[in-house]
Amino acid sequence: MKTVIIAIIMFLLLVTIHEFGHFIVAKLSGIKVNEFAVGMGPAIYSKEKGETLYSLRILPIGGYCAMEGEDESSSDPRSYDNAPASRRFLTILAGPFMNLLLAAIIFSVVIFNTGTASTKVGGFSENSKAKEAGIEIGDQILKVNDENISEFADISKVLAKFYEENDKDLPVEVLVKRNDEEKSFTIKPYFEKNTAFLGVSSKLRDVGFFESIGLGFKEMNKNVKMIFAILGNLFTGKLSVKALSGPVGVVKEIGNQANNGLMNLLYFLAYISVNLGVFNLIPFPALDGSKLVTNLYEMITKKKVNKKIEEKVTIVGFVILLSLILLVTIKDVFTLF
């Protein structure tokens with residue numbers, strides 16, 4: 001029950017932030033907002049302020065920013081459909097942008113509290129080849145196969161590149177700095193799922209407030225690239241749909257992260273926020289990305305997309321998305337047993 005409550009709170013936060021992005025830019029753009037709702041279903045609390053109804057609804061499964069004329073025809077001069085395409089574009093973009101911004105802020109908080117990876121060795125895995133070769137805790141890794149290591153993540157990148165072009169039986173040369181003295185080690189990595197590992201973990205270093213902000217945005221950017229790479233592998237067939245997780249899988253993982261501490265839970269929240277932001281940028285009907293494309297088309301050609309055709313395509317896209325979510329959820333349920 002605790003896990004479900006945490007998941008609901010996290011999900012509501014992410015959706016509310018997303019919809020708030022649409023809301024605030026719509027207001028700044030002069031687009032009329034009829035309602036800003038947290039949750040779905042019957043309202044348990046509502047208050048009208050100005051032209052907008054603010055409501056809290058009973059089902060904690062989403063939320064929405066209802067703009068005049070967004071999904072229906074309207075003669076109101078301040079309706080979404082009557083606003084310039086550039087303003088509509090920015091209003092839609094603001095939703096995913098807020099998710100990415102929230103993720104960067106949360107990543108910054110986590111990094112400020114836990115520190116960030118350095119190029120020094122902080123520990124070894126159980127079957128560490130680096131430890132067997134003589135590398136010690138506190139050693140600073142300078143190079144792998146003459147490739148400079150400026151951050152800890154570079155190690156896996158260099159190994160991946162090397163073994164893409166060479167046989168897996170070949171060892172690598174690792175140069176470390178120990179007590180102001182440089183030492184070289186020949187190491188044959190071990191492999192898990194075709195990924196090479198030296199078997200070392202990073203020693204975390206403390207970071208200041210402003211550095212943590214920069215690192216937070218860097219971590220967000222890294223996760224965006226990773227998610228686009230995953231999507232690319234899905235579309236090309238390199239990755240199966242079975243690898244995806246739905247609501248059940250996410251709730252299960254939230255429980256795992258909650259048991260590992262607050263910082264792990266916050267990091268996962270930021271990761272899900274990046275997922276939500278990137279997912280909504282996909283130019284698929286029923287997602288923000290499709291509206292971004294139609295608005296961009298109008299900005300370039302000065303021609304509007306046929307509203308009726310757009311509505312029909314959106315309905316089809318929505319049905320496909322719901323079907324995909326249902327299939328992934330069924331898969332997640334079966335993995336619980």
Any side-chain donor-acceptor pair under 3.5 Å between Y80 and R87?
no

Looking at Y54, does the NZ or CZ of K49 lie under 6.0 angstrom from its six-membered ring centre and within 45 degrees of the ring axis?
no

Check against ring pair (Phe, Tyr, Trp, His ring centres under 6.0 Å), F217 and F107
CA-CA 7 Å; F217 277 89; F107 281 137; 10.0 Å; no

Taking side chain as C-beta onward, heavy atoms only, is S46 less than 4.5 Å from L53?
yes

Classify the ring geometry of F23 against F36: parallel below 30°, tilted from 30° to 60°, perpendicular beyond 60°.
tilted

Using a strict threshold of under 4.0 Å (side-chain N to carboxylate O), is an ion pair present between K131 and E136?
no

When you compare the side chain of D146 with that of L175, does any pair of heavy atoms fall below 4.5 Å?
no

Is there a chain of hydrophobic side chains (I, L, V, M, F, W, Y, each step under 4.5 Å between heavy atoms) that links L14 to I17?
yes

Output yes when K157 and E147 qualify as a salt bridge under the 4.0 Å nitrogen-oxygen rule, no when they do not.
no

Are side-chain N/O atoms of N145 and E173 paired as donor and acceptor at under 3.5 Å?
no

Salt bridge K143-E182, side-chain N to carboxylate O under 4.0 Å
no

With the side chain counted from C-beta on, respond yes when F112 and L215 share a heavy-atom pair under 4.5 Å apart, and no when they do not.
no

Pairs under 3.5 angstrom only: tabulate donor-acceptor contacts from the side chains of residues 269-277 to other protein residues two or more places apart or in another chain.
residue : atom : partner : partner atom : Å
S273    : OG   : N99     : O            : 2.7
N275    : ND2  : Y271    : O            : 2.8

Do V316 and P285 come close enough that some side-chain heavy atom pair is under 4.5 Å?
no

By ring pair (Phe, Tyr, Trp, His ring centres under 6.0 Å), which residues pair with Y190, not counting sequence neighbours?
F197

Enclosure of I58 CD1 (heavy-atom neighbours >12, cutoff 6.0 Å):
no

For F191, does the CZ atom have more than 12 heavy-atom neighbours from other residues, nucleotides or ligands under 6.0 Å away?
yes

Scan residues 22-32 for pairs that pass side-chain hydrogen bond (donor to acceptor under 3.5 Å, both in side chains), counting only residues two or more places apart or in two chains.
H18-H22, H22-D288, K27-T52

Run the salt-bridge test on E164 and K161 with the 4.0 Å N-O cut-off and return the result as yes or no.
no

Tell me if the CG atom of D180 is crowded by more than 12 foreign heavy atoms within 6.0 Å.
no

Could you tell me if the side chain of N127 sits less than 4.5 Å from the side chain of S125, heavy atoms only?
yes

Side-chain touch N295/T91, heavy atoms, less than 4.5 angstrom:
no

Are D139 and K120 close enough for a salt bridge, meaning some N to O gap below 4.0 Å?
no

Flag the pair E310 and K291 as a salt bridge only when some basic side-chain nitrogen lies within less than 4.0 angstrom of an acidic carboxylate oxygen.
no

Flag yes if more than 12 heavy atoms outside F89 fall under 6.0 Å of its CZ atom; otherwise flag no.
yes

Donor-acceptor pair, side chain of S201 and main chain of G123, under 3.5 angstrom:
yes

Ionic contact status for E211 with R205, cut-off 4.0 Å
yes

Side-chain heavy atoms of F162 within contact of V144, under 4.5 Å
no

Could you check if a side-chain atom of P283 sits within less than 4.5 angstrom of a side-chain atom of S290, using non-hydrogen atoms only?
no

Count the heavy atoms of every other residue, nucleotide or ligand shown that sit under 6.0 Å from CD of E126, and state whether that count exceeds 12.
no

